[in-house]
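Reckoned from all heavy atoms, side chains included, excluding hydrogens, waters and symmetry mates. Numbering of residues begins at 1 and proceeds along the displayed sequence. Note that the coordinates shown come from a computational prediction; the quantities given were computed from them, not determined experimentally.
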Amino acid sequence: MHIPRSILLPLLGLAFVVASASGQTVINSVPYTISSSGKYILGGNLVTASPTQGAITISAANVILDLDGFFVSGPGTDTASQVAVISIGNFSNVTIKNGTVANNGYGIRFNGGTNSINHLVEKVNVTRCYLIGILVGGSSPGTVIRSNTLSQIGSSTLAANVSAEGICTVDGPRIEDNSVVGVTPTGTGIGLGIYTSTGAFIIRNTVSNCTTGI
């Protein structure tokens, strides 16, 4: 069937507008700072060579970071590092999902604060982080940590005796359907699979090869 050119051209223009309306920003190199709300997606596997600067810093509310099956990694060389691969400031509604985070002191670190609420970490593989895999600092009500896998956490050389945690929260979040395998302290430290102080919901998690499970 022949479609008149007068009809086809407006349709092609409409298709272009719809395709462009997704509004996602592709991250192709790190270190990278997210300073505006929106959806961000990795363009491939990314590694930062800096032992003193994280790979991705989120400094805005209402951010979705989709790793899209790729990994984002620190240098993997400084086992005394206290830097996070992905660091989130005092902002609300941050989602991190669908990929791997590896090779630094912390995997994902929410720094906390009065605006730090309603976060989601989902379907992320966190591995080879020397202190804590996922850290939610401060009270973060409405936060959900769900369906993540954490492995090879710990073995920091920061001091003679260093504890390590797979998931560490202060209070408030829902911790659900995660798998934590292998948390190794240094010296007389403690290897904790999941640690939280008060108010958390801990549901259907699997923890193994840790000094203390939950």
Interatomic distance, Ile175 atom CD1 to Ile203 atom CD1 [nearest 0.5 angstrom]:
9.5 Å

Check: His119 side chain, Phe91 main-chain N or O, donor-acceptor pair, under 3.5 Å:
yes

At what distance, to the nearest 0.5 angstrom, does OG of Ser147 lie from CZ of Arg204?
8.5 Å

Before you tell me yes or no, could you show the steps for Ile153 and Thr184 under side-chain contact (heavy atoms from CB on, under 4.5 Å), namely the whole-Å CA-CA distance, both residues' side-chain angles and the distance that decides it to 0.1 Å?
CA-CA 6 Å; Ile153 306 299; Thr184 305; over 6 Å; no

Shortest non-hydrogen pair, Val72 vs Ile56, comes out as CG2-CD1, 4.2 Å

Quick check against the 3.5 Å criterion: does Thr127 have a side-chain atom that pairs as donor or acceptor with the backbone of Ser151?
yes

Please check if the side chain of Asp68 supplies one atom and the backbone of Ile41 the other of a donor-acceptor pair under 3.5 Å.
no

Are Val101 and Ile134 connected, step by step, through hydrophobic side chains (Ile, Leu, Val, Met, Phe, Trp, Tyr) whose heavy atoms are closer than 4.5 Å?
yes

Verify side-chain contact (heavy atoms from CB on, under 4.5 Å) between Asn125 and Leu150, making sure each step is shown before the conclusion.
CA-CA 6 Å; Asn125 174 32; Leu150 299 98; over 6 Å; no

Has the side chain of Ser163 got a donor or acceptor atom that lies under 3.5 Å from a matching backbone atom of Ile190?
yes

Candidate pair Lys97 and Glu122, rule salt bridge (Lys or Arg N to Asp or Glu O under 4.0 Å), full reasoning:
CA-CA 5 Å; Lys97 62 181 182 178; Glu122 184 175 46; over 6 Å; no

Val30-Phe71 co-clustered via ILVMFWY side chain contacts under 4.5 Å
no

If only atom types and distance count, is the side chain of Ser50 paired as donor or acceptor with the main-chain N or O of Gln53 below 3.5 Å?
yes

Would you indicate whether the side-chain heavy atoms of Val124 and Thr100 approach each other to under 4.5 Å?
no

Verify, without hydrogens or angle tests, whether Ser81 (side chain) and Val83 (backbone) share a donor-acceptor contact under 3.5 angstrom.
yes

Should Asp177 and Arg146 be marked as a salt bridge (Lys or Arg N to Asp or Glu O under 4.0 Å) after you check the CA-CA gap, both sets of side-chain angles, and the distance that decides it?
CA-CA 6 Å; Asp177 290 326; Arg146 179 174 60 211; over 6 Å; no

Could you grab the distance from atom CG of Leu65 to atom NZ of Lys39, nearest 0.5 Å is fine?
10.5 Å

Atom pair NZ/CG of Lys123 and Leu67 - distance to nearest 0.5 Å
13.0 Å

Short side-chain to backbone donor-acceptor contact, Asn118 and Thr143, under 3.5 Å:
no

Tyr32 versus Thr25: any side-chain heavy-atom pair under 4.5 Å?
yes

Polar side chain donor-acceptor pair, Asn161 to Thr188, under 3.5 angstrom
yes

Closest non-hydrogen contact found for Val162 with Ser156 is CG1-CB, 4.1 Å

Side chains of Leu120 and Ile145, heavy atoms from C-beta outward: is any pair under 4.5 Å?
no

So which heavy atom on Asn111 is nearest to which on Ser87, and how close?
ND2-OG, 3.1 Å

Hey, could you give me the OH/OG1 distance between Tyr195 and Thr169, rounded to the nearest 0.5 Å?
8.5 Å

Side chain to side chain, Thr211 and Leu192, heavy atoms closer than 4.5 Å:
no

Kindly determine whether Ser59 and Thr33 satisfy side-chain contact (heavy atoms from CB on, under 4.5 Å), including the steps that lead there.
CA-CA 7 Å; Ser59 298; Thr33 297; 4.2 Å; yes

Common cluster, Val126/Val121, ILVMFWY with side-chain heavy-atom separation under 4.5 Å
yes

Taking every non-hydrogen atom, the tightest pair across Leu158 and Gln82
CD1-NE2, 3.5 Å

Only one of Val181, Val180, Val183 clears side-chain contact (heavy atoms from CB on, under 4.5 Å) with Ser208; which?
Val181

Is there a side-chain contact between Val63 and Tyr40 in this structure, where contact means two heavy atoms from C-beta onward sitting under 4.5 Å apart?
yes

Closest contact, heavy atoms only, Cys210 versus Gly182
SG-N, 4.4 Å

Treating Asn178 as the side-chain partner and Thr206 as the backbone partner, does any N or O pair qualify as donor plus acceptor under 3.5 Å?
no

Please say yes or no: joined through hydrophobic side-chain contacts below 4.5 Å, possibly via intermediate residues, are Ile58 and Phe70 part of one cluster?
yes

For Leu46 and Ile27, work out which heavy atoms get closest and say how close.
CD1-O, 3.6 Å

Please walk me through it: do Val207 and Thr212 pass side-chain contact (heavy atoms from CB on, under 4.5 Å)?
CA-CA 9 Å; Val207 179; Thr212 300; over 6 Å; no

Donor-acceptor contact below 3.5 Å, side chain Asn62 vs main chain Ser37
no

Single-linkage hydrophobic cluster Ile86~Ile132, side-chain heavy atoms < 4.5 angstrom
no

Using only heavy-atom distances, determine whether the side chains of Ser116 and Ser140 contain a donor-acceptor pair under 3.5 Å.
yes

Distance from Asn98 atom CG to Asp66 atom CG, nearest 0.5 Å?
5.0 Å

Can any side-chain N or O of Asn104 pair as donor or acceptor with the backbone N or O of Tyr106 at less than 3.5 Å?
no

